[in-house]
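What follows is a short report on a single structure.
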Amino acid sequence: MKETGPTAVGRRNMLLGAGALGSGLLLSACTSNSDGDADKANVKATTAASGSTPGKHVTIGFSAPAADHGWTAAITKNAKAQAGQYSDVSFQAAEGTNDVNAQISAVQTLIDKKVDVLVILPFDGKALTAIATQAMNAGIPVVNLDRVFDNSLAYRTWIGGDNYGMGVNAAAYIIKTLKAKGVSKPVIGEIAGIDNLELTKQRSLGFKEALAKAGYSVSIRQAAAFTADSGQQVMSNVLQARSKLDAVWNHDDDQGIGVEAAIKQAGRSEFFMVGGAGSKHAMQEIKADSGVLKATVVYPSSMSASAITLARLIGQSKGMGDLVEQEVPSSITLFSATVTKDNVDTYLPTSFT
Amino acid sequence: MSDQTTPRPAQDAPEPPARTGSGADVATKPSLVKEGPDPGPQPAPERRRLPRLFPLHQVHSLGLLVVLVLLGVVGTASSGNFLTSNNIVNILTSAAVIGVITVGQTFVIIGGGIDLSVGAIVAVASVWCTTVATQSYGLGGMLFTAVVVGAVVGLLNGVLIAYGKIVAFITTLAMMASARGVAERLSDRQSQVVTVESFNRIATDKFLGIPLLVYLMAGIVVLGWLLLNRTTFGRRTFAVGGNPEAARLAGIAVRRHTMLLYLLSGVCCGIAAVMLTARTTSGASNLGNLYELDSIAAVIIGGTLLAGGRGSLFGSILGVLVFTTITNIFVLNNLTTDIQEIAKGLIILVAVLLQRTRGARSPA
């Protein structure tokens with residue numbers, strides 16, 4: 001599992017990936033990273049002149065949900081690794097928790113410590129809005145990561161993924177592939193994540209609406225629970241429900257391990273599958289091109305590293321390198337790139353394990 | 001005799017010679033109080049010893065069979081894919097993992113306890129077998145490790161409950177949290193994909209068109225049934241769960257027996273972890289999530305008293321099959337999971353209500 005620092009190719013690809021994020025954070029004096037692992041790739045030092053030169057010292061407080069899933073684990077790792085890249089940043093991370101009450105206390109503690117900037121990925125955006133507002137009122141700018149607060153007064157800048165866009169891009173790949181194959185009335189399956197999460201609703205909505213524009217619809221949609229276990233169980237039943245499928249979108253690559261297992265165990269291969277989130281395992285499967293998984297739509301876990309970069313720039317009152325703006329923008333929505341065999345090498349370095 | 005506390009027909013069979021290996025070496029002399037302080041004045045109560053024409057729990061199992069058949073009718077009517085051999089095999093395979101866990105849970109609950117840590121034991125056993133470098137030892141190493149880890153955690157539960165005198169609910173609740181924590185720690189919260197092909201074949205290999213997993217479950221259910229209904233160990237389990245005081249007076253080493261029940265549950269979880277890891281081709285700390293509730297629900301609708309002392313392994317397995325079939329029918333018809341949860345909840349409620357009415361009628 002241990003890897004050494006990024007290769008030249010890896011670094012270039014990583015930068016390409018970051019370019020797709022649409023932010024001007026990049027370009028690199030990115031030297032090396034002894035830390036190994038997935039985080040290595042997500043490390044971007046900031047640009048040339050203004051950004052990367054050491055400036056005023058900034059203490060960044062960080063709070064995120066418990067790292068109980070590949071993606072959330074990568075979020076915390078990437079943030080920490082990115083902070084380690086800056087000589088002028090100290091990083092204070094609160095223990096991750098899925099208990100809203102505990103996260104409020106954690107943020108309160110960071111406020112009391114008088115950190116300069118806060119980066120918060122709230123377990124529940126609504127529930128954490130009050131404490132974030134309190135931080136802003138205390139003069140601590142809040143960078144809201146991914147799950148959005150209820151009120152824009154609660155944060156200085158929001159950066160996060162595009163769940164609706166994930167659905168749209170998954171649908172776009174499916175539509176393109178089906179059209180190329182000349183399938184007229186496709187049977188499309190969808191293995192969603194946890195149904196009562198807003199992000200799941202957004203993903204499904206984007207998928208549904210984009211398919212509808214091509215005159216397609218989802219023939220069977222079942223929710224799993226973001227685990228390999230649940231993915232396997234749900235998919236084994238879905239395969240019984242539809243004796244022939246043309247395409248499947250599975251929202252999450254972690255549960256995808258189980259979904260793929262179910263497909264292999266049932267001996268089915270008449271359809272192709274698109275994954276979600278962008279795990280290393282999924283990308284390796286896509287690269288090997290030996291199973292049904294042909295693509296995955298990324299939900300970048302590198303966003304936490306970008307959030308740290310933004311927090312530092314805000315703390316130092318700088319703008320973003322390649323943008324003309326004097327200030328960091330108030331909102332940055334990341335792009336859910338579609339990873340296929342053709343471009344997988346570009347994205348593999350930013351995948352999470 | 002100790003058997004008098006067990007309301008089962010098996011009680012009139014003479015106590016067979018020791019042959020269960022695990023618990024059979026316990027002294028059986030009725031007068032010999034082997035352990036613990038003086039249990040108190042009252043002698044073994046005999047109020048449960050009443051002749052019974054037809055054991056009620058078998059009636060209950062019959063009822064569950066009817067439910068299963070009705071579900072079959074609903075499934076067939078609602079989806080043309082239900083009554084295909086592929087789908088039946090799929091239902092049985094889906095039931096395999098939770099079925100094996102439920103065998104252990106049934107023993108524990110009949111013995112008067114409860115095991116809330118089964119899901120977490122599955123997680124820690126799976127992670128241990130895939131992450132802690134045991135994949136490099138291949139199939140044998142992985143099998144061995146998973147089962148041993150399950151056994152060790154189960155034994156720890158048993159020792160804490162039987163000798164540490166901590167309530168089973170609390171002990172296993174604590175184990176549920178800490179074992180999953182250990183699993184997260186070991187795996188670094190990453191799903192570890194299994195690369196040992198011979199291991200994954202546990203879930204893919206078939207014999208006569210039926211996956212090995214189904215045979216494995218069937219074998220463990222039969223072994224469990226024999227152990228529960230045809231051995232001293234089984235009768236002691238009923239005795240300990242029905243009235244531990246009386247069982248102790250009857251010479252059963254209650255504490256040791258209790259410990260063995262949790263060990264048995266742990267071993268079942270270890271085996272289930274092997275099956276689940278092969279099925280999902282991965283070990284992860286979130287495997288087996290909520291399996292404790294699923295297995296307890298199956299045991300209860302199977303007609304086993306949550307208070308212990310009475311129950312049926314056959315009923316538990318029917319319970320597992322009922323839940324698995326419901327899930328299957330819901331997916332076949334592309335219905336959402338929320339209604340499915342409501343249906344499951346209603347079934348549990350009705351089953352417990354039935355138990356209560358029977359309880360009121362029965363002399364116990």
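By convention in this document, chain letters (A, B, ...) are assigned in the order of the sequence lines, proteins followed by strands, and residues within each chain are numbered from 1. Computed over heavy atoms, backbone and side chain alike; hydrogens, waters and symmetry mates excluded. What you are looking at is a predicted structure, and each value in this text was computed from that prediction instead of being measured.
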Proximal component of A/Thr72, with respect to chain B [non-hydrogen, under 4.5 Å]: neither

Derivation of the side chain to side chain contact (heavy atoms under 4.5 Å, CB included) call for B/Thr280 and A/Ile257: CA-CA 7 Å; B/Thr280 59; A/Ile257 296 171; 5.6 Å; no

B/Leu287 versus chain A, the contacting section by heavy-atom distance below 4.5 Å: both

Whether B/Asn81 side chain and A/Ala241 backbone form a donor-acceptor pair below 3.5 Å: yes

Reported OG-to-CG distance for the pair A/Ser230 and B/Asn286, which is rounded to 0.5 angstrom: 8.0 Å

Contacting region of A/Gln233 [heavy-atom separation from chain B under 4.5 Å]: side chain

Taking every non-hydrogen atom, the tightest pair across A/Gln265 and B/Arg279: NE2-O, 2.7 Å

Pairs satisfying ring pair (Phe, Tyr, Trp, His ring centres under 6.0 Å), at least one member in residues 223-242 of chain A, at least two apart: A/His69-A/Phe226

Heavy-atom side-chain proximity of B/Leu276 to A/Asp229 below 4.5 angstrom: yes

Nearest-0.5 Å distance, CD1 of residue B/Ile91 to CG of residue A/Asn237: 7.5 Å

Those residues of residues 325-336 of chain B, ordered by number, that approach chain A below 4.5 Å (heavy atom to heavy atom): B/Thr327, B/Asn328, B/Phe330, B/Val331, B/Leu332, B/Asn334, B/Leu335

Within 6.0 Å of NZ in A/Lys208, more than 12 heavy atoms from elsewhere: no

Contact origin within B/Ala284 toward chain A - heavy atom pairs under 4.5 Å: neither

Residue among B/Thr281, B/Thr204, B/Asn90 with most heavy-atom pairs under 4.5 Å to chain A: B/Asn90

Portion of A/Gln240 that has a non-hydrogen atom of chain B nearer than 4.5 angstrom: both

